[in-house]
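Below: one structure, written as structure tokens.
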Amino acid sequence: MIIRVLGCSGAIAAGCRTTSFLLDGSILIDAGTGVGDLSLDELARIDHILVSHSHLDHVLSIGLLADSVLRVRTAEQRGPITVHALPETLAALRDHIFNGVIWPDFTRLPSAEAPVLQFKPFAVGELLALGEHRIEVLSAAHTVPAVGFAVDGGKGVGWWVYTGDTGPNPILWERLATMKVAHLVIETAFSDEERQLARISRHLCPAALAHELQFLKGSVDVHITHIKPGELEAVMAEIVRLDTPHRIRALTAGEQIDLRETLGGSGRV
Ligand SMILES: [Zn+2]
Ligand SMILES: [Zn+2]
């Protein structure tokens, strides 16, 4: 099981792409600008898109992807790509993006009978079984209805966990306390200097991250995501000063996390 980081920045700039992860080539977790680095063939292999919340930096490639792969998938009779999200998120996508004004309604194109996209709601706590993959929907605490995801890497490996965009989130730590967490991808969108902005926008800053990580047991590989372009060094300088048993580093676009290894745990490739 390989997770490819397509984007992990809080905004765009040259070399910075917004949130998206690709699981084994066929499952996209969030659809930020990083999706645009995939070839048409790679795009056409995506059968599922899991969406953490409705914010633009996590959803803007869904519509563009649908347009790109429509011809290939129709010719190959591949059936629709399933977009999985909370009902509120799916309603937001329908009302504000696939509304015929911002973008066509690809849940009815190229035809209502055989569209390129279909929407499927999930709930927090649900365990999704997508082919051989098991993915649990985790709670997140953001300004709009939001979730995170935990991907089951199997018995010997444990779970790859992505928090989604979130502020302080006690419910998440209660759930993770019962799981073997191999990797935690957690956001730190702001520096401590901007802690007020972090609080209002329900994101984390390094001080808030330190508070949250107290509730993560053991010693875990922690990957920081959603840092704004230009802020990486400042935010990471604050994070490396934290007193924590975890191995913390900044996630980088293009890296891959390998969840297959069972001996000696999982690692980066
Ligand atoms: Zn957000
Ligand atoms: Zn975001």
Side-chain angles (χ1 to χ4, degrees), residues 3-23 28-37 49-65 83-98 102 122 124 137-151 160-169 171-172 184-192 194-206 208-209 212 222-232 234-236 239 250-255:
I3 292 166
R4 186 169 156 193
V5 180
L6 304 178
C8 55
S9 291
I12 57 164
C16 296
R17 297 152 179 84
T18 70
T19 309
S20 189
F21 306 98
L22 184 62
L23 171 60
L28 201 59
I29 298 177
D30 275 344
T33 66
V35 175
D37 286 345
I49 305 177
L50 275 55
V51 184
S52 67
H53 66 299
S54 59
H55 281 160
L56 190 64
D57 55 322
H58 300 254
V59 304
L60 90 174
S61 286
I62 301 173
L64 297 171
L65 162 68
V83 178
H84 306 257
L86 289 172
E88 296 92 329
T89 306
L90 294 176
L93 289 174
R94 216 177 265 293
D95 292 349
H96 302 298
I97 292 184
F98 297 100
I102 297 295
F122 59 46
V124 171
V137 181
L138 301 170
S139 93
H142 199 35
T143 51
V144 293
V147 301
F149 299 103
V151 177
W160 177 89
V161 174
Y162 160 54
T163 63
D165 284 12
T166 190
N169 185 7
I171 296 168
L172 174 69
L184 176 71
V185 175
I186 186 167
E187 71 125 287
T188 306
F190 292 99
S191 64
D192 282 338
E194 294 187 300
R195 70 180 67 205
Q196 275 306 97
L197 203 48
R199 196 177 56 78
I200 294 164
S201 60
R202 302 192 83 182
H203 280 291
L204 297 174
C205 60
L209 174 74
E212 296 300 289
V222 175
H223 312 262
I224 305 299
T225 188
H226 214 294
I227 302 174
K228 303 264 187 246
E231 294 283 296
L232 183 85
V235 169
M236 288 312 296
I239 288 176
L251 201 59
T252 48
E255 75 173 271

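Side chains included, hydrogens not; waters and symmetry mates left out as well; all remaining heavy atoms used. Fair warning: this is a prediction, and the values are worked out from it, not measured in the lab. Just follow the structure's listing: the first ligand is 1, and inside any ligand the first atom is 1.
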Worksheet item: Protein N, O or S atoms at less than 2.8 Å from the Zn ion (ligand 1), how many?
Response: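 For the Zn ion (ligand 1), the figure is 4.
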Worksheet item: Can you check whether Ile29 reaches Ile3 side chain to side chain, under 4.5 Å on heavy atoms?
Response: no
Worksheet item: Do the side chains of Val83 and Phe98 get nearer than 4.5 Å, heavy atoms only?
Response: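 No, their side chains stay 4.5 Å or more apart.
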Worksheet entry | Under the side chain to side chain donor-acceptor pair (under 3.5 Å) test, residues paired with Arg4 that sit two or more places apart |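 Only Glu42 meet the side chain to side chain donor-acceptor pair (under 3.5 Å) criterion with Arg4.
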Discussion item. Other residues, nucleotides and ligands only: do more than 12 of their heavy atoms fall within 6.0 Å of CD1 on Ile171?
Written reply: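 At most 12 heavy atoms, drawn from other residues, nucleotides or ligands, come within 6.0 Å of this atom.
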Worksheet item: What side-chain hydrogen bond (donor to acceptor under 3.5 Å, both in side chains) pairs are there with at least one residue in residues 5-16, not counting sequence neighbours?
Response: none
Can I get a per-line list of side-chain donor-acceptor pairs under 3.5 Å for residues 88-97, giving both atom names and the distance, sequence neighbours left out?
none

